[in-house]
Amino acid sequence: MKINKAVIPLGGLGTRLLPITKSQPKEMLPIYDRPAIHYAVLEAKKGGIENFLFITGRGKESIENYFDYSFELEERLKKDKKFEYLEKVQEIYNLGKFFYIRQKEPKGLGDAIYLSKDFVNTEPFVVILADDIFIYNEPPIKKLIEIFYKYNGIILGIKKVPFDKVERYGIIKGEKIENNLYKVSDLLEKPKREEAPSNLAIIGRYILMPQIFDVLKNLKPGKNNEIQLTDAIKELIDKVPIFGYEIDDKHFDIGDKLDFILANVYFASMDKEIKKELLNKIEDLIKKEKGVILK
Ligand code: G1P
């Protein structure tokens with residue numbers, strides 16, 4: 001069955017980036033000239049996805065506006081003959097068909113995914129967490145979809161992380177069966193370092209199957225008193241084959257301050273117009289300007 005639906009949960013409070021995330025959803029923070037969410041949708045589109053369900057919530061209205069048609073803006077750009085900008089604006093809503101549902105309270109990733117049940121229906125689907133942004137030639141999600149077509153199971157994007165960071169992630173236990181591919185035999189959400197079965201962490205790319213909804217329906221809260229997607233996947237271990245695919249591409253976790261800045265510098269440096277000057281100017285700035293402090 002062809003995969004052409006993506007679910008993008010937007011539940012997080014963006015705590016690690018406060019105060020900027022107090023009134024601005026983390027997913028709408030700029031990564032150079034577009035919001036973080038744009039990169040997630042673009043990757044999925046390049047992977048063949050046409051339909052997107054955003055799980056939104058209070059304070060996330062700007063995401064709907066971003067992907068919507070803006071009549072006034074387009075008329076103005078046409079009138080001023082700013083066709084280059086018009087193209088950029090039109091490109092956004094041509095990325096796919098967008099659907100929205102609100103999660104009433106942040107009860108966890110598993111709860112957010114459960115809300116996609118009617119949208120997904122009986123098909124396999126993609127989940128993308130927008131705070132993980134990759135630098136790729138071939139979109140990681142496309143690779144995961146190919147593996148799904150070959151193995152017909154749940155596929156998790158994974159990456160090795162330092163052992164002192166395992167507490168931030170879902171961690172898998174798995175046996176390598178071919179290049180980059182692991183058969184998963186156990187999963188733990190945010191384990192303590194000494195309990196982690198490996199340092200293979202789930203990063204924000206999943207191919208899920210509709211059986212996940214039967215489990216999510218009755219799942220009790222887990223880590224941090226939230227309904228955890230990792231726990232639901234674990235429940236399916238004896239029913240559905242589960243694989244982890246190690247994504248080699250460099251990625252930024254934009255919920256982390258350092259990665260957020262690096263992502264901005266990287267994507268800015270991809271713009272030919274400013275690339276040359278960018279690095280010199282950053283160096284100059286940091287060496288010479290010692291004045292203003294924000295405290
Ligand atoms: C979520 C998942 C976790 C995964 C992580 C990837 O956690 O629950 O299993 O490793 O995303 O970013 P969160 O970052 O929402 O706490």
Side-chain angles (χ1 to χ4, degrees), residues 6-18 21 25-27 29 31 36-37 39-40 43 54-57 60 103 105-116 126-134 140-141 144 154-174 182 184 186-193 195-208 212 215-216 219-237 242-247 249-260 263:
V7 176
I8 305 190
L10 307 164
L13 295 173
T15 320
R16 283 181 290 158
L17 291 176
L18 279 168
T21 42
K26 169 175 67 170
E27 300 81 6
L29 291 176
I31 304 296
I37 185 85
Y39 294 82
E43 182 191 330
F54 295 106
I55 317 288
T56 74
K60 308 256 177 187
Q103 186 183 19
E105 42 176 324
K107 283 200 290 192
L109 183 57
D111 177 65
I113 299 303
Y114 187 66
L115 296 174
S116 69
V126 160
V127 170
I128 294 197
L129 305 184
D131 36 11
D132 288 311
I133 297 183
F134 287 89
I141 201 68
L144 263 62
I154 288 179
I155 320 289
L156 310 171
I158 55 172
K159 238 181 193 302
K160 287 202 181 90
V161 295
F163 270 97
D164 60 2
K165 298 244 166 75
V166 291
E167 261 186 82
R168 272 203 209 160
Y169 297 93
I171 299 292
I172 68 147
K173 181 179 177 189
Y182 293 76
V184 176
D186 201 6
L187 304 97
L188 281 173
E189 179 64 13
K190 303 191 170 73
K192 292 214 157 49
R193 184 184 177 145
E195 289 160 3
S198 76
N199 62 340
L200 293 168
I202 304 171
I203 28 115
R205 303 292 181 273
Y206 306 72
I207 312 291
L208 297 180
I212 199 79
V215 181
L216 284 171
L219 195 66
K220 302 266 173 311
K223 198 89 192 185
N224 302 332
N225 207 25
E226 290 179 349
I227 313 268
Q228 295 293 351
L229 181 60
T230 306
D231 295 348
I233 298 171
K234 183 183 165 108
E235 293 269 310
L236 286 174
I237 270 187
I242 301 172
F243 300 90
Y245 178 77
E246 195 175 348
I247 302 175
D249 302 303
K250 159 91 188 138
H251 102 293
F252 302 104
D253 167 10
I254 63 117
D256 175 83
K257 274 185 187 164
L258 181 60
D259 262 18
F260 170 66

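Note that ligands are numbered from 1 as they come in the structure, with each ligand's atoms numbered from 1 the same way.
Here the side chain of Ser198 pairs a donor or acceptor atom with the backbone of Ile172 at under 3.5 angstrom. The backbone N or O of Ala112 sits nowhere less than 3.5 Å from a side-chain atom of Lys107 that would complete a donor-acceptor pair. Under the 3.5 Å distance criterion, the side-chain polar atoms of Arg205 are left unmatched by any main-chain donor or acceptor of Val126. Using modelled atom types, no side-chain atom of Asn199 and backbone atom of Pro162 make a donor-acceptor pair closer than 3.5 Å.
Contact annotation: for Leu129 versus ligand 1, heavy atoms closer than 4.0 Å belong to the side chain alone. For Asp132, every heavy-atom contact with ligand 1 shorter than 4.0 Å involves the side chain, none the backbone.
A salt bridge links Asp253 with Arg16: the closest approach of a Lys/Arg side-chain nitrogen to an acidic carboxylate oxygen falls below 4.0 angstrom.
Polar contact check, Glu189 against ligand 1: a nitrogen or oxygen pair lies under 3.5 Å apart. The distance criterion of under 3.5 Å between nitrogen or oxygen atoms is met by Gly170 with respect to ligand 1. Ligand 1 has no N or O atom lying under 3.5 Å from any N or O atom of Tyr169, backbone or side chain.
Using a 4.0 Å cutoff on heavy atoms, Thr230 counts as a contact of ligand 1.
Of the protein's heavy atoms, none falls inside 4.0 Å of atom 15 (O) of ligand 1.
With respect to atom 5 (C) of ligand 1, the closest heavy atom belonging to the protein is Ile202 O, 3.9 Å. Given atom 7 (O) of ligand 1, the protein heavy atom at minimum distance is Lys190 NZ, 3.2 Å.
Shown are Ile113, Ile128, Leu208, Leu115; of these, the side-chain contact (heavy atoms from CB on, under 4.5 Å) with Val7 is made only by Ile113.
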Problem - Chi angles and distances behind the salt bridge (charged side-chain N to carboxylate O under 4.0 Å, His left out) call for Lys160, Glu246 - result: CA-CA 8 Å; Lys160 287 202 181 90; Glu246 195 175 348; 3.4 Å; yes

